Amino acid sequence: MTSAKPLRVGMVGYAFMGAAHSHAWRTAPRFFDLPLEPQLTAVAGRNEDGVRAAANKLGWNSVETDWRRLIERDDIDLIDICTPGDTHAEIAIAALEAGKHVLCEKPLANSVEEAERMTVAAEAAAKRGVFSLCGFSYRRTPALALARRFVEQGRLGTIRHVRAQYLQDWLSDENAPMTWRLDKSKSGSGSLGDIGAHSIDAAQWITGQKITGVSALLETFVAERPLAGDLVGLGGHGDAGNDAPRGSVTVDDAAIFSARFDGGPIGVFEATRYALGRKNAMRLELNGTKGSLAFDFEEMNVLSFYDAAESPDAGFRRIFVTEPEHPYVGNWWPTGHGLGYEHGFTHQVVDFVTAIAEDRQPEPSFADALQVQQVLAAVEDSAANSSQWQKV
């Protein structure tokens, strides 16, 4: 039992991200000594049977069928938003104005205008001691946090190249069914915002530099998909019959853009959900004047590092990021026992709860996420104008 003051959480949404966030809220206080004790107080969803089943499975104490009831409840301190992007702004602004802390999944919104309004609300709330965080959870991967440490220590020297890819294949089947992620009115964009946003945030966070301009291509490979079918994971098996109804895909399937950073590096970014054989290859490579580093989430416990001061033919060395001195790792398993996808969300909870208790703004803030939204918008504008250079 803990004597820490409770932090009573209300979560909106209970699918893929809802399950990951639920696991994080449950797990964080069992492995980390937190200054506040998260409590899974209530979860909200529109389908009463569905939300009750999710509450039982994921460990929530009560349910609501309207997110507004969560915000009205006196026994809720924090709102965790795990819904499609078209609902983020309304929920987050209402929660902040009601004095609730907010954790909002990425990308922050479906437009720069929405993200700007959310940022204004967040900055006003912070002055009252009410804080917000955008869920760019890859920042909490120990190997990427170690990469940032290396950059801060100057071990790469002056960074010249940034190379970022996020490769998945769950949409490669042209008869995979329509989901909200393929509807621009709900998701804002496709591969660009769904996974490319992670690469943008990670690249900027690790380098400590901002993207100032882009030249981009966006492509939609499959224009229509079955409306009916069986969902499996993010994709599934659609009804491919001749008379089966199909819906229009209104987002990009793939995004490619070149970029310039404010400190001088040039970058190349790629995001796709059509890279057959790549399941979750979130990759980042930096080349500097003193060294290089490389990361691939499909080997998430490894950071590859090249030190130019060593023998030139030594090549990259693999750092197995499981030592107690590595970021976050000391609270988990003995050396050599790796972590998984879910741990990033747990670390996110740890950092957010600690910041709230210390009365300080956590990172990434809504302002940080707004800047990522501005990059996404610049990519779309460039692609819509024959890849012309677009300032951010």
Side-chain angles (χ1 to χ4, degrees), residues 136-169 191 195-196 198-211 254-272 274-330 332-341 343-344 347:
F136 284 106
S137 57
Y138 284 104
R139 288 191 179 203
R140 273 77 188 190
T141 303
L144 285 177
L146 183 62
R148 174 178 165 88
R149 182 186 295 175
F150 280 11
V151 172
E152 290 176 332
Q153 292 171 344
R155 299 180 68 176
L156 270 66
T158 300
I159 297 173
R160 290 171 171 165
H161 288 285
V162 177
R163 217 165 282 108
Q165 296 177 310
Y166 204 143
L167 313 177
Q168 297 178 335
D169 71 354
S191 292
I195 54 180
H198 275 302
S199 294
I200 293 166
D201 179 72
Q204 295 189 135
W205 177 66
I206 291 170
T207 62
Q209 300 187 33
K210 301 299 184 186
I211 293 172
I256 299 175
F257 65 94
S258 57
R260 186 175 293 279
F261 290 75
D262 57 8
I266 56 175
V268 179
F269 290 75
E270 179 184 9
T272 180
Y274 280 73
L276 275 171
R278 302 300 181 191
K279 302 306 177 182
N280 200 44
M282 189 272 199
R283 298 169 167 178
L284 183 67
E285 180 170 324
L286 306 181
N287 307 128
T289 56
K290 294 182 179 180
S292 297
L293 58 81
F295 170 81
D296 184 339
F297 193 80
E298 290 187 351
E299 294 185 274
M300 65 166 288
N301 292 290
V302 174
L303 179 67
S304 295
F305 177 63
Y306 176 76
D307 187 343
E310 297 178 354
S311 175
D313 60 0
F316 279 87
R317 64 183 175 91
R318 287 165 52 90
I319 302 171
F320 200 41
V321 189
T322 62
E323 298 294 332
E325 65 268 21
H326 291 151
Y328 304 106
V329 177
W332 293 102
W333 318 121
T335 296
H337 295 71
L339 303 187
Y341 173 72
H343 289 84
H347 302 154

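Bear in mind that the values here come from a model prediction, so they are computed numbers and not experimental data.
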- Centres of the His337 and Trp332 rings: under 6.0 Å?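 No, the ring centres sit 6.0 Å or more apart.
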
- Query: Quick one: do Asp262 and Lys210 make a salt bridge, cutoff under 4.0 Å?
  - Reply: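 No salt bridge links Asp262 with Lys210.
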
- Query: Are the charged groups of Lys290 and Asp307 less than 4.0 angstrom apart, N to O?
  - Reply: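 Salt bridge absent between Lys290 and Asp307.
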
- Go through Arg278 and Asp169 one step at a time and tell me if the salt bridge (Lys or Arg N to Asp or Glu O under 4.0 Å) criterion holds. CA-CA 6 Å; Arg278 302 300 181 191; Asp169 71 354; over 6 Å; no

What are the two closest heavy atoms between [X] and [Y], and how far apart are they?
| X | Y | answer |
| --- | --- | --- |
| Val329 | Val321 | CG2-O, 3.7 Å |
| Asn287 | Ser292 | ND2-OG, 3.0 Å |
| Pro327 | Pro142 | O-CB, 3.4 Å |
| Thr335 | Pro324 | OG1-CD, 3.7 Å |
| Ala259 | Phe269 | CB-CE1, 4.0 Å |
| Pro265 | Ile159 | CG-O, 3.3 Å |

Just by modelled atom types, is the [Y] backbone N or O under 3.5 Å from a matching donor or acceptor in the [X] side chain?
| X | Y | result |
| --- | --- | --- |
| Gln168 | Ala281 | no |
| Gln204 | Ile211 | yes |
| His347 | Arg140 | yes |
| Thr207 | Gln209 | yes |
| Thr322 | Gly336 | yes |

- When you look at Tyr166 and Asn280, which way does the side-chain hydrogen bond (donor to acceptor under 3.5 Å, both in side chains) test go after all the steps? CA-CA 7 Å; Tyr166 204 143; Asn280 200 44; 2.7 Å; yes

So how far is it from [X] [atom1] to [Y] [atom2], rounded to the nearest 0.5 Å?
| X | Y | atom1 | atom2 | result |
| --- | --- | --- | --- | --- |
| Ser137 | Tyr341 | OG | OH | 5.5 Å |
| Leu284 | Asp296 | CG | CG | 10.5 Å |
| Trp333 | Leu339 | CH2 | CG | 8.5 Å |
| Leu146 | Glu325 | CG | CD | 9.0 Å |
| Phe316 | Leu303 | CZ | CG | 9.5 Å |

I'd like to check [X] versus [Y] (side-chain heavy atoms, cut-off strictly below 4.5 Å). Are they in contact?
| X | Y | value |
| --- | --- | --- |
| Leu156 | Phe305 | yes |
| Arg139 | Asp201 | yes |
| Ile266 | Val162 | no |

- Item | Sequence-distant partners of His198, ring pair (Phe, Tyr, Trp, His ring centres under 6.0 Å), two or more places apart |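 Ring pair (Phe, Tyr, Trp, His ring centres under 6.0 Å) list for His198, sorted by chain: Phe136, Tyr138.
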
- Message: If the test is side-chain hydrogen bond (donor to acceptor under 3.5 Å, both in side chains), which one of Arg148, Arg149, Arg155 qualifies with Glu152?
- Response: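 Only match with Glu152 under side-chain hydrogen bond (donor to acceptor under 3.5 Å, both in side chains): Arg148.
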
- Task: Name the orientation class of the two ring planes belonging to Phe297 and Phe295 (parallel below 30°, tilted from 30 to 60°, perpendicular beyond 60°).
- Result: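 Aromatic pair Phe297/Phe295 classed perpendicular.
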
- Donor on one side chain, acceptor on other, Asn301 and Glu299, under 3.5 Å: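 On atom types as modelled, these side chains do not qualify, holding no pair under 3.5 Å.
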
- side chain to side chain contact (heavy atoms under 4.5 Å, CB included) evaluation trace for His326 with Ile319: CA-CA 10 Å; His326 291 151; Ile319 302 171; 4.2 Å; yes

- Please lay out, stage by stage, how Ile195 and Met282 fare under the test side chain to side chain contact (heavy atoms under 4.5 Å, CB included). CA-CA 8 Å; Ile195 54 180; Met282 189 272 199; over 6 Å; no

